[in-house]
Amino acid sequence: MRGLTIIVAGAEGDRLRAALTMACATAALGARARVYLHEAAVAAFAGDASAPAGQPTLGELREIGAESGVEVIACQSGLALAGLAADAIGVSGGGMIELLASLGDDRLVVA
């Protein structure tokens with residue numbers, strides 16, 4: 001199965017939750033799954049947005065993703081804008097050029 005790379009392009013909680021859910025499902029099927037947090041999405045990822053009743057919180061989705069092997073990459077500019085360090089929020093730092101250069105056969109989705 002081809003891998004999946006998702007670029008989260010905004011800070012909307014629903015988009016971030018959908019991206020993490022898709023990445024977790026992809027990882028559960030045995031494929032590589034990456035989520036790239038672009039600019040404002042970095043700060044949103046670091047928070048704990050509420051979830052609809054009966055659904056996992058953002059924090060729980062982060063844990064599920066980590067346990068499933070989902071790689072989360074934070075935009076260097078987004079980290080700087082949010083005043084965060086990558087290791088403080090449990091992600092790796094990176095840039096768009098590096099992300100696209102390492103895409104390989106992954107499907108690319110923008111959320």
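Here the structure is a predicted model, which is why all the values come from computation and not from measurement. Side chains included, hydrogens not; waters and symmetry mates left out as well; all remaining heavy atoms used.
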Check: What heavy-atom pair brings Gly93 and Leu79 nearest, and what distance separates the two atoms?
Finding: CA-CD1, 4.3 Å
Check: Got a second to check how far Leu20's CG is from Arg15's CZ, nearest 0.5 Å?
Finding: 14.0 Å
Notebook entry, point to check: Quick one: are Val70 and Val35 in side-chain contact, heavy atoms under 4.5 Å?
Noted result: yes
Check: Does Val72 share a hydrophobic cluster with Leu16, counting links as ILVMFWY side-chain heavy atoms below 4.5 Å and allowing steps through other members?
Finding: yes
Next item on the list: Look up atom CD in Gln76 and atom CE in Met96, then write down how far apart they are to the nearest 0.5 Å.
Entry: 12.5 Å
Notebook entry, point to check: What is the minimum heavy-atom distance between Leu61 and Cys24, and which atoms define it?
Noted result: O-SG, 4.3 Å
Notebook entry, point to check: Atom CD1 in Ile7, atom SG in Cys75: separation rounded to 0.5 Å?
Noted result: 10.5 Å
Item checked: Co-membership, hydrophobic cluster, residues Val109 and Tyr36, 4.5 Å side-chain -> no
Notebook entry, point to check: So do the side chains of Thr21 and Ile64 get within less than 4.5 Å of each other, counting heavy atoms only?
Noted result: no
Check: If you look at every heavy atom in Ala11 and Ala40, which pair is closest and at what distance?
Finding: CB-O, 3.7 Å
Notebook entry, point to check: Rounded to the nearest 0.5 Å, how far does OG of Ser92 lie from CD of Glu98?
Noted result: 8.0 Å
Item checked: Flag, side chain of Arg107 to backbone of Arg2, donor-acceptor distance under 3.5 Å -> yes
Item checked: Closest heavy-atom pair and its distance - Leu103, Arg34 -> CA-NH2, 3.7 Å
Note to self: Please find the pair of heavy atoms, one from Ala23 and one from Ala33, that lie closest to each other, and give the distance.
What the structure shows: O-CB, 3.3 Å
Margin query: For a 4.5 angstrom cut-off between non-hydrogen side-chain atoms, does Glu60 reach Gln55?
Written below: no
Item checked: Ala19 to Val8 - nearest heavy-atom pair and separation -> CB-CG2, 3.5 Å
Next item on the list: Tell me, with the steps shown, if Leu84 and Val42 meet side-chain contact (heavy atoms from CB on, under 4.5 Å).
Entry: CA-CA 9 Å; Leu84 295 168; Val42 174; 4.2 Å; yes
Next item on the list: Following the transitive rule for hydrophobic clusters with a side-chain heavy-atom cut-off under 4.5 Å over Ile, Leu, Val, Met, Phe, Trp and Tyr, establish whether Val110 and Leu100 coincide in one cluster.
Entry: yes
Checklist line | Residue pair Arg32 / Thr5, side-chain donor-acceptor N/O under 3.5 Å | finding: no
Next item on the list: Check whether any side-chain heavy atom of Phe45 sits under 4.5 Å from a side-chain heavy atom of Val91, and report yes or no.
Entry: yes
Notebook entry, point to check: Rounded to the nearest 0.5 Å, how far does CG of Leu108 lie from CG of Leu99?
Noted result: 7.0 Å
Note to self: Would you say CD1 of Ile97 has more than 12 non-hydrogen atoms from neighbouring residues, nucleotides or ligands within 6.0 angstrom?
What the structure shows: no
Next item on the list: Using modelled atom types only, decide if a donor and an acceptor are shared between the side chain of Arg17 and the backbone of Glu12 within a distance under 3.5 Å.
Entry: no
